[in-house]
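Comments concern the structure below.
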Amino acid sequence: MGILVASLAPVLIILVYVYIRDKYEKEPAGLLLTALVAGALITLPVVIVEGFFSGLRPDDGTLGAAFYRAFVVAAFTEELFKFAALYLLIWKRPAFNEQFDGIVYAVFVSLGFAAVENVLYVTGSGYQTALLRALTAVPAHAIFGVTMGYYLGIARRYEEVRKSFLWKALALPVLLHGIYDFILMSGIPWLLFGFVIYVGYLYKSGFRRIRVLSDASVYRESDGEQETI
């Protein structure tokens with residue numbers, strides 16, 4: 001029981017934080033639960049597709065193989081399924097009516113996935129792994145979600161940039177996720193040293209995007225006129 005709590009505690013803390021930062025109109029609990037459960041359920045197809053991609057290029061210990069596993073097997077597959085869940089289940093919902101909503105829903109999907117992944121990792125490895133992943137892997141999934149939701153939220157609001165921002169909503173999380181995994185999979189000592197710096201960058205970029213869409217709504221009513229900030 002304790003190891004299960006340790007697995008899920010960081011997920012819950014981040015979910016509560018993002019929910020609180022939604023200052024303008026709270027999202028329906030049912031839709032948030034839908035996003036969270038969808039993130040958990042995509043774990044199964046992700047494992048299947050990752051297994052298929054892994055079989056196309058066996059790991060031979062080279063940097064090329066590490067790059068393939070990081071960017072194609074892991075990052076592309078996982079972020080594609082998260083994006084698909086958001087687009088199919090959330091994109092056209094009337095409740096998705098503010099830019100920050102994109103971050104909320106994307107984080108809930110991402111952390112639904114991260115919750116299942118974390119339980120699987122931590123159950124077999126113990127409390128030290130739980131602590132390490134609470135500071136790295138779980139927040140990283142949340143930040144990939146923040147990035148995806150940031151661009152989804154703006155795309156939902158502004159039709160003139162919709163196509164390019166939908167592309168960014170998928171491409172940039174794949175890039176960030178791929179770099180994260182490549183550093184860990186490469187086995188290069190100096191890259192592993194830089195992992196701490198990269199995680200710090202992810203934290204900074206994630207908080208910045210949250211702040212932009214939460215504290216100063218990119219689109220608000222001001223003196224009866226629509227104002228872009």
Return yes if some donor-acceptor pair links the side-chain N/O of [X] with the main-chain N/O of [Y] below 3.5 Å, else return no.
X    : Y    : result
Y87  : K82  : no
N118 : A114 : no
R57  : Y68  : no
Y198 : L176 : yes
K168 : S164 : no
R156 : W91  : yes
R93  : L89  : yes

Do R162 and Y158 pair up side chain to side chain, a donor and an acceptor below 3.5 Å, judged on atom types alone?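 R162 vs Y158: no donor-acceptor pair found between side chains.
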
Hphob cluster co-occupancy, [X] + [Y], side-chain heavy atoms under 4.5 angstrom:
X    : Y    : value
L166 : V161 : yes
V199 : I188 : yes
L63  : L175 : yes
W190 : F182 : yes
I48  : L120 : no

Is the shortest side-chain heavy-atom distance between [X] and [Y] below 4.5 Å?
X    : Y    : result
F144 : L202 : yes
Y19  : V107 : no
D181 : R69  : no

Might you point out which heavy atoms bring [X] and [Y] nearest each other, and give the distance in Å?
X    : Y    : result
L86  : V109 : CD2-CG2, 3.7 Å
A65  : P58  : CB-O, 4.5 Å
G178 : A70  : O-CB, 3.6 Å
A40  : T43  : O-OG1, 2.7 Å
D101 : E27  : OD1-OE2, 2.6 Å
G61  : D59  : N-OD1, 3.0 Å

Taking atom [atom1] of [X] as the centre, does the number of heavy atoms from other residues, nucleotides or ligands within less than 6.0 Å exceed 12?
X    : atom1 : value
K204 : NZ    : no
F96  : CZ    : yes
Y201 : OH    : no
E159 : CD    : no

In Å, rounded to the nearest 0.5 Å, how long is the span from [atom1] of [X] to [atom2] of [Y]?
X    : Y    : atom1 : atom2 : answer
L191 : S186 : CG    : OG    : 4.5 Å
Y17  : F207 : OH    : CZ    : 5.0 Å
L15  : L111 : CG    : CG    : 5.0 Å
F71  : T77  : CZ    : OG1   : 13.0 Å
L172 : E79  : CG    : CD    : 11.0 Å
M148 : I103 : CE    : CD1   : 12.5 Å

For T136 and Y180, run side chain to side chain contact (heavy atoms under 4.5 Å, CB included): C-alpha distance rounded to whole Å, both residues' side-chain angles, the deciding distance at 0.1 Å, then the answer. CA-CA 10 Å; T136 56; Y180 179 98; 3.5 Å; yes

Given Y105 and L31, is the side chain to side chain contact (heavy atoms under 4.5 Å, CB included) satisfied, shown in steps? CA-CA 8 Å; Y105 290 121; L31 200 52; 3.2 Å; yes

Quickly, which of I210, I143, V146 forms a side-chain contact (heavy atoms from CB on, under 4.5 Å) with S205? Name it, please.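 Passing option: I143.
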
Can you check side chain to side chain contact (heavy atoms under 4.5 Å, CB included) on E50 and F76, steps first, answer last? CA-CA 9 Å; E50 286 183 338; F76 175 74; over 6 Å; no

Between Y150 and F165, does the ring centroid distance fall short of 6.0 Å?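 Between Y150 and F165, the centre distance exceeds or equals 6.0 Å.
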
Taking the six-membered ring of F100, is NZ or CZ of R21 closer than 6.0 Å to its centre and within 45° of its axis?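 No, cation not above the ring by the 6.0 Å, 45° rule.
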
